[in-house]
Amino acid sequence: NRLASQTPAADFVNSMLIMGPTWFILATFVVGASLCRGEKPHLVFFLADDYGFADCSYHNEMYGNSSNVIHTPNLDALSAAGIRLEQYYIQAVCSPTRSALMTGRYIHHTGVHAPFMDSSSSVLHIDEVTIAQKMKEAGYKTHMIGKWHLGFKSWEYTPTERGFDSFLGYYAGSQDYWNHESLCWCPRGVKDGCFSDENGGVPVTGVDLHRNRETVWNNTDYSSVLFTNEAIAVINAHPVDAPLFLYLPYQSVHVGNVPVKTHPEYALDQAPLPYIERYAWVGNEQRRNLSAMVTIMDVGVGDVVQALKQAGLWDNTIFVFSTDNGGPLNDQASNYPLKEGKGSLYEGGVRGIGFVASGNPTAVGIQRVGYVNRRLIHITDWLPTFCEVAGCKLNGTKPIDGVSAWGAISNNLPSKRNMIVHDVCFQSMGGSCAINGEDRAAIVVDSLKIVQHGSKYELYNTTEDPGEHNDLSKDRVDDVERLKKIIAQEAIGGIACTSHFGCLLPFLACETQQDFVILASYGYCCHE
């Protein structure tokens, strides 16, 4: 049982204390040998889902917390021995963050402003080049384990056709942690968006677990355990003569399925009972279960790192941990001290937990560790950053909005960016932006952030006021006008996918709810 394995936290701390200065001498020899062999570092990217900014214990120590402390010893130890990214930004919701990570492009350029509804034909456009494709060009073996959520209307849009050598995971936005069924969801106002009219008033459910192109049936392993064990298997089978790119977008800690009359066993917050019992003292049941979900994710991180160590890969690995968006407040996540959460353009929606770690930082080119990095970094920066490290070129892609953050990360050099476009989503763009009811946008330039809701503009200094308590728009009118012009310029050529919320896939009646299965070629349909 991988859940019973020891975490690497103690190994990290003890080895550093025992070895002391010798560690740096050994690192010098290792990096020399590594450079002589021309080795490229292994790249592991762990993406947590809906993970609150304050829901790791090291952030609790740094910022405090509006709720209970959740124990995350592996995240704490890895980030303490690495680089904690404390001016790190993602997108406000899941599909947009994943598109930005995959392409290195802002969401108003890819058109992915909103989560893809499970029954729509929304996809990351086929002419977008992904980070996995770039890693393959650089000679990497590429593997993905976890949540895709970038469309599956035909096979060409699924992970193994977008640059990954292998895939185990699910296509949709959420699912049951145990039986891996995705309960279709759609926003209010979309008529029969999940075929509930034909299904007795209940949204359809589909088995949504796939190994490459094959549906995996009758698997009841808790998803964090399933994905961790798969990651360990990939690591153990990895050839010693090739670099590894391992993308781990876990389900944790997104809510599961809403209970429905045909599936009363569904639950929003799901974790193995022993982990829930650790937080028996937490009064709010949903918060208690969320805490357990976080802890078991932390165990998974520790087990992946331990596997890298045992396989002899850890000393030549760059490990990145990231959230995909702020935690959802209505699901009891905490983003303290930031304002609001998932879905919001305020800091609580777009500023996330992030860190970089390695078994031998010097060997992979990291010159400074054990500090808090406050350089401006965005989720779009990982593609050019990894390409700098891996030696791939950026030609053949659409215009990249990200910049390489390698100097800022590896040596705390000034960031190559001073601006982030969180979103520009105008009704005139159509698609998902047309249903907002108002134009909305947010950008940050240096320390000044402007947030637009319709005709209203707010201005904050997010360095001095990360909680966005003090609106400066009335006192700094010139800055507001300057940033409004940047928003207008960014809106030129901005696009929005036209089918985020459309019931565009066929529905085929089945005799029982259990017969539904998600297949990439058809969406929700019957299994034959």
Side-chain angles (χ1 to χ4, degrees), residues 38-45 47 90-91 95-113 116 122-144 148-167 171 212-213 242-249 318 320 322 364-365 377-410 415-417 419-421 424 490 492-498 520:
E39 290 182 354
K40 295 181 177 182
H42 308 296
L43 302 171
V44 178
F45 195 101
L47 187 66
I90 64 278
Q91 299 300 144
S95 294
T97 284
R98 290 156 211 276
S99 73
L101 171 64
M102 284 291 112
T103 67
R105 287 162 45 79
Y106 286 140
I107 60 177
H108 67 293
H109 292 153
T110 64
V112 185
H113 298 266
F116 289 161
S122 301
V123 290
L124 178 67
H125 200 277
I126 200 64
D127 62 1
E128 297 284 359
V129 177
T130 71
I131 190 171
Q133 289 169 307
K134 283 296 170 186
M135 293 300 100
K136 280 185 71 70
E137 289 178 10
Y140 279 70
K141 301 294 184 182
T142 58
H143 304 276
M144 177 182 168
W148 178 236
H149 208 192
L150 286 174
F152 57 93
K153 72 176 183 179
S154 63
W155 290 118
E156 63 182 332
Y157 295 99
T158 58
T160 52
E161 304 298 324
R162 305 301 298 260
F164 289 100
D165 294 325
S166 73
F167 168 68
Y171 297 135
N212 304 323
R213 287 193 177 193
L244 168 69
F245 174 58
L246 180 58
Y247 174 44
L248 301 173
I318 297 172
V320 178
S322 172
V364 297
I377 298 172
H378 186 248
I379 188 75
T380 56
D381 295 338
W382 292 115
L383 188 151
T385 300
F386 280 8
C387 269
E388 180 173 343
V389 170
C392 54
K393 299 185 182 301
L394 297 179
N395 60 307
T397 69
K398 287 188 170 183
I400 298 291
D401 297 304
V403 298
S404 176
W406 186 238
I409 292 169
S410 64
S415 175
K416 293 181 180 179
R417 66 160 66 244
M419 182 176 83
I420 290 174
V421 180
V424 177
E490 288 291 334
I492 298 174
I495 63 172
C497 290
T498 57

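Quantities reported herein were computed from a predicted structural model and do not represent experimental measurements.
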Grab the two heavy atoms, one from [X] and one from [Y], that are nearest each other, plus how far apart they are.
{"X": "Ala138", "Y": "Ala390", "answer": "CB-O, 3.8 Å"}
{"X": "Glu490", "Y": "Val424", "answer": "CB-CG2, 4.0 Å"}
{"X": "Ala100", "Y": "Ile379", "answer": "CB-CG2, 3.7 Å"}
{"X": "Ala405", "Y": "Thr385", "answer": "N-OG1, 2.8 Å"}
{"X": "Pro41", "Y": "Pro243", "answer": "O-CB, 4.3 Å"}
{"X": "Cys387", "Y": "Leu394", "answer": "SG-CD2, 3.8 Å"}

Spacing of [atom1] belonging to [X] relative to [atom2] belonging to [Y], to within rounding of 0.5 Å:
{"X": "Leu246", "Y": "His42", "atom1": "CG", "atom2": "NE2", "value": "11.0 Å"}
{"X": "Tyr247", "Y": "Phe45", "atom1": "OH", "atom2": "CZ", "value": "7.0 Å"}
{"X": "Thr397", "Y": "Ile131", "atom1": "OG1", "atom2": "CD1", "value": "12.0 Å"}
{"X": "Leu383", "Y": "Met102", "atom1": "CG", "atom2": "CE", "value": "8.5 Å"}
{"X": "Met135", "Y": "Leu244", "atom1": "CE", "atom2": "CG", "value": "11.5 Å"}
{"X": "Tyr157", "Y": "Trp148", "atom1": "OH", "atom2": "CH2", "value": "12.0 Å"}

Taking side chain to side chain contact (heavy atoms under 4.5 Å, CB included) as the definition, give me every residue that meets it alongside Val403, ordered by chain and number, with sequence neighbours left out. Asp381, Lys416, Arg417
If the condition is side chain to side chain contact (heavy atoms under 4.5 Å, CB included), which residues does Glu128 pass it with, not counting sequence neighbours? Thr103, Arg105, Thr110, Leu124, His125, Arg162, Lys398
Could you list the residues that satisfy side-chain hydrogen bond (donor to acceptor under 3.5 Å, both in side chains) with [X], not counting sequence neighbours?
{"X": "Lys136", "answer": "Asp165"}
{"X": "Ser99", "answer": "none"}
{"X": "Ser404", "answer": "Glu388"}
{"X": "Trp382", "answer": "Tyr88"}

Please name all residues satisfying salt bridge (Lys or Arg N to Asp or Glu O under 4.0 Å) with [X], sequence neighbours left out, ordered by chain then number.
{"X": "Glu137", "value": "Lys134"}
{"X": "Glu161", "value": "Arg213"}
{"X": "Asp401", "value": "none"}

If we only count heavy atoms from C-beta on, is the Ile420 to Thr380 side-chain gap below 4.5 Å? no
Using 30° and 60° as the class limits, which term best fits the ring planes of Phe245 and Phe164: parallel, tilted or perpendicular? parallel
What pairs with [X] under ring pair (Phe, Tyr, Trp, His ring centres under 6.0 Å), at least two apart in sequence or on another chain?
{"X": "Phe167", "result": "Tyr171"}
{"X": "His109", "result": "none"}
{"X": "His378", "result": "Tyr106"}

Are the side chain of Ser95 and the backbone of His149 linked by a donor-acceptor contact shorter than 3.5 Å? yes
Can you tell me if Thr160 uses its side chain to pair, donor with acceptor, with the backbone of Asn212 under 3.5 Å? no
Among Thr97, Leu47, Ile377, which one satisfies side chain to side chain contact (heavy atoms under 4.5 Å, CB included) with Ile90? Thr97
